[in-house]
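What follows is one structure encoded as structure tokens, with my remarks underneath.
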Amino acid sequence: MSNATTTGLLRHFLQFSDFSRDEILHVFERAKLIKDKFKRYEPHRPLHDRTLAMVFEKASTRTRVSFEAGMYQMGGSVIHLTTSDSQLGRSEPIEDTARVISRMVDIVMIRTFEQTRIERFAQHSRVPVINGLTNEFHPCQILADIFTFIENRGSIAGKTVAWVGDANNMAYTWLQAAERLGFTLHVSAPAGYRLDPNRIAGTSAQALKEFSDPLEACKGAHLVTTDVWTSMGYEAENEQRRKAFADWCVDQEMMGSAAPDALFMHCLPAHRGEEVTADVIDGPQSVVWDEAENRLHVQKALMEFLLLGKTS
């Protein structure tokens, strides 16, 4: 078993900015081809005899199903680990876990807490590591979201994306994507839940515009997107957040202020009547189910790229 890609260069995908614009566009091209084959029931198994280890320190539905199904569809096999059934839950240093696991598999996906945790794992891994979600970033989800936008509306370059809600891992990943792919991100969050000035220092004015009024953030946007008000790990703040975010529910008025052909996205799970009204998420502008499915296809393309390099 090889512990390097065919290019000879070990790459990881720990945040969106780890890839160049050209590399991201290549992943999208491959995702389209892979999805087309999937819809035609045409086998695509370039990862035959490769093994993916999935490490979950946070619960998951879409991440687990999409990575597991994707690896099997690509001809590989999967090992599923959680803190309850591995030494990660028994205080083994993550560096030691990385050294061992990466000698036995070809690629690792981790869903964990602090970004530093996945970075420490990657530093001691002999194989590519993918961020399946951390507190700070969610790059695979944004890959799927942008791929979904491109499917429906063409290039996202020069467009406007409105993020309504908490300045969480999704918001920061959208910001990295805006800088990489040349679109503008409008962010609106209530006081106390806005982007951290230290984390956005140096961001170009073209990539980011902040709004105190969510309706203003949605004006003219080509895509309106949001997430739950209370992310995993913040459940104790649920009632406090419910009050703070009361005016940040994406509704028909917000969608009406966006561009006439604007799309709505949500990474799911969704709470209808909180961060989005039912008539928006279940309405004609919503592409959330395509968006969810596309996690499968972009992640297959991502694993292919990390293991095999650029293919055609």
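These numbers come from the heavy atoms of this one structure, side chains and all, not from hydrogens, waters or symmetry mates.
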If you count heavy atoms of other groups shown closer than 6.0 angstrom to NZ of Lys219, is the number above 12? no

Please report the closest heavy-atom contact between Val280 and Val250, naming both atoms and the distance. CG2-O, 3.9 Å

Check for me, please, whether Tyr72 and Val65 land in the same ILVMFWY cluster - side-chain distances under 4.5 Å, paths through other members count. no

Please determine if Arg199 forms a cation-pi arrangement with Tyr172, meaning its NZ or CZ atom is less than 6.0 Å from the six-membered ring centre and no more than 45° off the ring axis. yes

Using only atom types and a distance under 3.5 Å, with no angle test, would you say the side chain of Gln285 pairs donor to acceptor with the backbone of Ala262? yes

Could you list the residues that satisfy side chain to side chain contact (heavy atoms under 4.5 Å, CB included) with Thr61, not counting sequence neighbours? none

Sequence-distant partners of Ala270, side chain to side chain contact (heavy atoms under 4.5 Å, CB included), two or more places apart: His266, Leu268, Glu275, Ile281

Looking only at heavy atoms, the pair that brings Val108 and Val105 closest together is CG2-CG2, 3.8 Å

Which side-chain N or O atoms in residues 156-165 pair as donor and acceptor under 3.5 Å with protein atoms at least two apart or in another chain?
residue	atom	partner	partner atom	Å
Lys159	NZ	Ser155	O	3.2
Trp163	NE1	Asp166	O	2.8

Evaluate the side chain to side chain contact (heavy atoms under 4.5 Å, CB included) criterion for residues Leu208 and Leu195: first the C-alpha distance (whole Å), next the side-chain angles of each, then the deciding distance (0.1 Å), finally the verdict. CA-CA 11 Å; Leu208 173 65; Leu195 295 167; 3.9 Å; yes

Between Ser20 and Asp22, is there a side-chain donor-acceptor contact under 3.5 Å, judged purely by atom types and distance? no

So, for Phe149 and His222, which heavy atoms are closest and what is the spacing to 0.1 Å? CE1-O, 3.7 Å

Not counting sequence neighbours, which residues clear salt bridge (charged side-chain N to carboxylate O under 4.0 Å, His left out) with Asp261? List them please. Arg153

When you compare the side chain of Ser77 with that of Met71, does any pair of heavy atoms fall below 4.5 Å? no

Side-chain ion pair, Glu29 and Lys32, N-O less than 4.0 Å: no

I'd like to know if the side chain of Thr134 pairs up with that of Glu114 as donor and acceptor (distance under 3.5 Å, no hydrogens or angles considered). no

Would a distance-only check, ignoring hydrogens and angles, find a side-chain to backbone donor-acceptor pair under 3.5 Å from Thr173 to His138? yes

Ala205 to Lys209 - nearest heavy-atom pair and separation: O-NZ, 3.5 Å

Centroid-centroid under 6.0 Å between Phe137 and Phe16 rings: no

Min side-chain heavy-atom separation Val129-Ile118 under 4.5 Å: yes

Same cluster or not: are Trp248 and Leu223 linked, directly or through other Ile, Leu, Val, Met, Phe, Trp or Tyr residues, by side-chain heavy atoms under 4.5 angstrom apart? no

Between Arg120, Glu92, His124, which is the residue that forms a side-chain hydrogen bond (donor to acceptor under 3.5 Å, both in side chains) with Thr97? Glu92

Decide yes or no for Gln176 and Ile142: does some side-chain heavy atom of the first lie under 4.5 Å from some side-chain heavy atom of the second? no

On a heavy-atom basis, the closest approach of Glu291 and Asp145 is OE2-OD1, 2.8 Å

Look at the side chain of Arg111 and the backbone N and O of Ala59, then say whether any donor-acceptor pair between them is shorter than 3.5 Å. yes

I'd like a table of donor-acceptor pairs (distance under 3.5 Å, sequence neighbours excluded) in which one partner is a side-chain atom from residues 295-309, with atom names and distances.
residue	atom	partner	partner atom	Å
Arg295	NE	Gln299	OE1	2.6
Arg295	NH1	Gln141	OE1	3.0
Arg295	NH2	Thr63	OG1	2.8
Arg295	NH2	Gln299	OE1	3.0
His297	NE2	Glu293	OE2	2.9
Gln299	NE2	Ser66	OG	2.9
Gln299	NE2	Arg295	O	3.3
Lys300	NZ	Gln73	OE1	2.6
Glu304	OE1	Arg30	NE	2.8
Glu304	OE1	Arg30	NH2	3.4
Glu304	OE1	Thr311	OG1	3.3
Glu304	OE2	Arg30	NH2	3.0
Glu304	OE2	His44	NE2	3.0

Separation between CG of Leu47 and CG of Asp106, rounded to the nearest 0.5 Å: 8.5 Å

Measure from the side-chain N and O atoms of Ser257 to the backbone N and O of Met254, and report whether any donor-acceptor pair falls under 3.5 Å. yes

Roughly how far, to the nearest 0.5 Å, is CG of Leu185 from CD of Glu210? 9.0 Å

Hey, what's the ring geometry for Trp229 with Phe245, parallel, tilted or perpendicular (30° and 60° as the breaks)? parallel

Donor-acceptor pair, Arg64 side chain versus His80 backbone, under 3.5 Å? no

Interatomic distance, Ile110 atom CD1 to Phe56 atom CZ [nearest 0.5 angstrom]: 10.5 Å

Are Leu81 and Val127 co-members of a hydrophobic cluster defined by side-chain heavy atoms under 4.5 Å apart? yes

Should Met170 and Phe13 be counted in the same cluster of Ile, Leu, Val, Met, Phe, Trp and Tyr side chains packed under 4.5 Å apart? yes

For Gln206, does its backbone N or O pair with a side-chain atom of Thr184 as donor and acceptor, under 3.5 Å? yes

Side chain to side chain contact (heavy atoms under 4.5 Å, CB included) partners for Glu151, two or more places apart: Lys35, Phe147, Asn294

Are any side-chain N or O atoms of Arg194 and backbone N or O atoms of Ala189, one a donor and one an acceptor, separated by less than 3.5 Å? yes

Joint cluster assignment, Leu263 & Val276, ILVMFWY side-chain distance < 4.5 Å: no

Backbone N or O of Ala98 within a donor-acceptor pair of the Ser102 side chain at under 3.5 Å? yes

Nearest 0.5 angstrom please: Thr51 OG1 to Ile79 CD1, how far? 6.0 Å

Looking only at atom types and distance, does a side-chain atom of Thr225 sit under 3.5 Å from a main-chain N or O of Met265, one as donor and one as acceptor? yes

For Gln115, which of Leu14, Asn135, Asn169 qualifies under side chain to side chain contact (heavy atoms under 4.5 Å, CB included)? Leu14

Salt bridge flag under 4.0 Å for residues Asp36 and Lys39: no

